[in-house]
Amino acid sequence: MILFRLILIVGMLAISTLSVAQEKPNIVFIMADDLGLGDVSYYNEAIQKTDAIVKTPAIDSLAEQGIWFNDAHSATSLCSPTRYCVMSGNMNYRSYAKWGVWGTFRESPFRPGEATLASVPKSAGYSTAFIGKWHLGGDFRNKKDGSIFRHHGKLRSDHSVDVSEMVGGGPASLGFDYSLTIPCGIQGPVYTVYENGKWLPANDESKLVFLTEKNAIHPKIVSDKGPGPGDSHFDTREIGKLISQKASDFIERQNGSKPFFLCYWSPHVHLPHFPTDEFDGKKIANQTPSRHLDTLLDLDQQVARIISSLKKANQFDNTLIILTSDNGGLSPKATLKSGHDPSGGYRGFKNSAFEGGHRVPYIATWPGHIQPGTFCNEPIINQDSLATFADLLNVALPETEAMDSLSLLPLLTQEGQYQSRDFFMMQAGSKHEIMFRENGWKLILQSNREVSKFEPIGLFNLNSNPTENESENLVKDPDQLERIKSMREKYIRIRENGARTTPIIQG
């Protein structure tokens, strides 16, 4: 009788634990690398009403089953700084590096205890994983004295860095329970993969070497970022399969006792464009007009594998999936010649202050909670993801955390009151432009590395000129002098006083 009661109590606790887990959705946050609006065939066919040159059926399926944001942006027009903004919910200027390009051996931009994409779901009882491209610095030992190796430029073969272990500054330092990390993606100059901070050899014959075009398994693996320490068998072609398999493994390991958060940052479709031959039975290499677009097929297969794993684990219907990009698309000649426009009709590409540099896909699907086939015209930024997750999970954020992240939950579920932004603040890329948007007007300011100047170089009315036709650049229009002055001063004031730009998530 006592044994029966014990079994009954244990069974009831198990059911109770499972029901609590099911009350909270799993979250899968996918961020692609250099994926432009026009790279998604759903955008071409459902919004532009044109035929897509390359199909992305897996990504399209998420949009068809969820919501597509027509006015979504990356925090910056460049990879690394956007990753900081998305992970922290803060604009890049709040970090120690105002333009924020965190090479592999730079110090992490995150403060101890800072609210991040890892800490918010973890505090709500989630199992957490980071898989993919990091590009936010890290700690590696100096072989000579065991100190932390720091370096900002290109590496030489005589640099004494131990790349066998990432000892700090990576996903684990933010609270991710599991991590499969590619420090700088597929472009180098470090060519290694780390599982929970330890070097993961590509195969049994792998050695850590100084990888060059001469000793790599193929010269194309060493990118324009140059040679560097790495795995002797590092193979760019197989990275998409590796990381998506690790994502699938993580999903399948979850037993339902607690919800999970998967942060999946693919390094595709970034250079080098060296596509695999096939992926889960689908031919990839030489299947499109350019190697760039071949890697787009690879990315779509990664997404397909994650979706398949969620369905196999009976978790798809209880999962919020968000897919976005770190910046606008690329402009390879062969791609453009084919008629494929990665920017989807907008001016500019990655690194640009124009819309094509930072208008990105932002898709969310959550069966039973997000209306399928929905379009939203509210302007959003991908750093809004953090506040959205905090709002969803009832996690309160301190006033000094996620200061520029706005919850999109009311837009996703059509429940509650959405408080839209009065203004947008963004940064471009290596040319140090700043973008400030207010009431449909977009002011572009030329700054510098020291952020000591704010020279107006562009003013566009996006309501009437969304593609930023240069003939309608009103920056020198006498009638707009007061508008330019007011917007410029407002941007500088907000930036310099350090105030929040979004409401606090109360929990």
Side-chain angles (χ1 to χ4, degrees), residues 36-37 71-82 84-85 90-95 97-101 327-329 331 343 345-360 378-383 403-404 406 420-502:
L37 279 178
D71 199 357
H73 300 262
S74 55
T76 78
S77 300
L78 205 57
C79 167
S80 179
T82 290
Y84 164 77
C85 299
N90 290 321
M91 279 302 301
N92 191 230
Y93 64 77
R94 299 188 193 277
S95 73
K98 304 306 181 187
W99 296 99
V101 179
N327 47 247
S331 56
S343 296
Y346 289 95
R347 181 181 179 183
F349 299 93
K350 172 185 178 178
N351 200 42
S352 170
F354 299 117
E355 294 291 289
H358 51 83
R359 280 220 185 205
V360 294
E378 285 282 351
I380 67 166
I381 304 182
N382 54 15
Q383 72 201 25
M403 297 176 71
D404 308 297
L406 183 65
S420 60
R421 284 182 171 86
D422 294 326
F423 55 84
F424 255 39
M425 303 173 72
M426 293 175 288
Q427 291 182 187
S430 59
K431 295 181 180 179
H432 305 121
E433 299 104 332
I434 288 164
M435 297 87 81
F436 186 67
R437 176 172 157 178
E438 186 177 37
N439 298 323
W441 290 87
K442 176 180 173 183
L443 177 66
I444 302 176
L445 301 170
Q446 181 63 63
S447 188
N448 54 16
R449 190 170 184 83
E450 296 75 29
V451 200
S452 59
K453 72 172 185 176
F454 300 90
E455 177 189 351
I457 58 172
L459 178 69
F460 299 94
N461 185 340
L462 296 181
N463 295 321
S464 60
N465 181 24
T467 56
E468 296 166 300
N469 188 315
E470 189 60 31
S471 65
E472 298 178 52
N473 183 351
L474 305 176
V475 73
K476 295 182 179 180
D477 185 341
D479 293 338
Q480 300 299 331
L481 290 179
E482 188 57 38
R483 184 188 307 277
I484 292 170
K485 180 176 182 291
S486 174
M487 291 180 69
R488 178 182 179 274
E489 290 178 351
K490 185 172 182 178
Y491 175 86
I492 295 172
R493 182 172 64 254
I494 294 169
R495 179 171 179 140
E496 291 185 350
N497 69 21
R500 289 189 65 89
T501 63
T502 56

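Note that the numbering runs from 1 along the sequence shown for the chain. Quick note: numbers below take in every heavy atom, side chains included, and nothing from hydrogens, waters or symmetry partners.
Minimum interatomic distance between Asn92 and Thr76 (heavy atoms only, all atoms of both residues): CB-CG2, 4.4 Å. Taking every heavy atom of both residues into account, His432 and Gln446 meet most closely at O-NE2, 3.8 Å. Scanning all heavy atoms of the two residues, the minimum distance from Leu445 to Arg488 falls at CD2-CG, 4.2 Å. The shortest heavy-atom contact between Met435 and Ser77 is CE-OG, 4.0 Å. Pairing each heavy atom of Glu468 with each of Arg347, the nearest pair is O-NH1, 2.8 Å. Shortest non-hydrogen contact noted between Met426 and Met91 is CA-CE, 4.0 Å.
Side-chain contact check for Lys490 versus Arg493: some heavy-atom pair is nearer than 4.5 Å. For the pair Leu474/Trp441, a side-chain contact is recorded, criterion being any heavy-atom separation below 4.5 Å from C-beta on. Residues Arg359 and Phe354 fail the side-chain proximity criterion, which asks for heavy atoms closer than 4.5 Å. The closest side-chain heavy-atom distance from Phe460 to Glu355 is not below 4.5 Å. A 4.5 Å side-chain heavy-atom check between Tyr93 and Ile434 finds every atom pair outside the cut-off.
The CG atom of Leu443 lies 13.0 Å from the NZ atom of Lys485; values are rounded to the nearest 0.5 Å. Of the inter-residue distances, the one linking Ser352 atom OG with Tyr346 atom OH reads 14.0 Å to the nearest 0.5 angstrom. Atom CZ in Phe424 sits 9.5 Å away from atom NE2 in His358 (nearest 0.5 Å). Of the inter-residue distances, the one linking Glu438 atom CD with Asp422 atom CG reads 7.5 Å to the nearest 0.5 angstrom. Between atom CG of residue Asn90 and atom SG of residue Cys85 there is a gap of 8.0 Å, rounded to the nearest 0.5 Å. The OG1 atom of Thr501 lies 7.0 Å from the CD atom of Gln383; values are rounded to the nearest 0.5 Å.
Looking at Trp99, its side chain never comes within 3.5 Å of a backbone N or O of Ala428 through a donor-acceptor pair. No donor-acceptor pair under 3.5 Å is formed between the side chain of Ser447 and the backbone N or O of Phe454. The main-chain N or O of Leu78 is found under 3.5 Å from a side-chain atom of Thr82 such that the two form a donor-acceptor pair.
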Stepwise, does the side-chain contact (heavy atoms from CB on, under 4.5 Å) test hold for Leu406 with Ile380? CA-CA 8 Å; Leu406 183 65; Ile380 67 166; over 6 Å; no
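Test Arg421, Arg94, Arg500 against Asp404 for side-chain hydrogen bond (donor to acceptor under 3.5 Å, both in side chains) and you get one pass: Arg94.
Donor-acceptor pairing under 3.5 Å is recorded for the side chains of Ser430 and Asn351.
The pair Asp71-Arg437 meets the salt-bridge criterion, with a side-chain N (NZ, NE, NH1 or NH2) lying under 4.0 Å from an Asp/Glu carboxylate O.
In this view, Asp477 satisfies the salt bridge (Lys or Arg N to Asp or Glu O under 4.0 Å) rule with no residue, not counting sequence neighbours.
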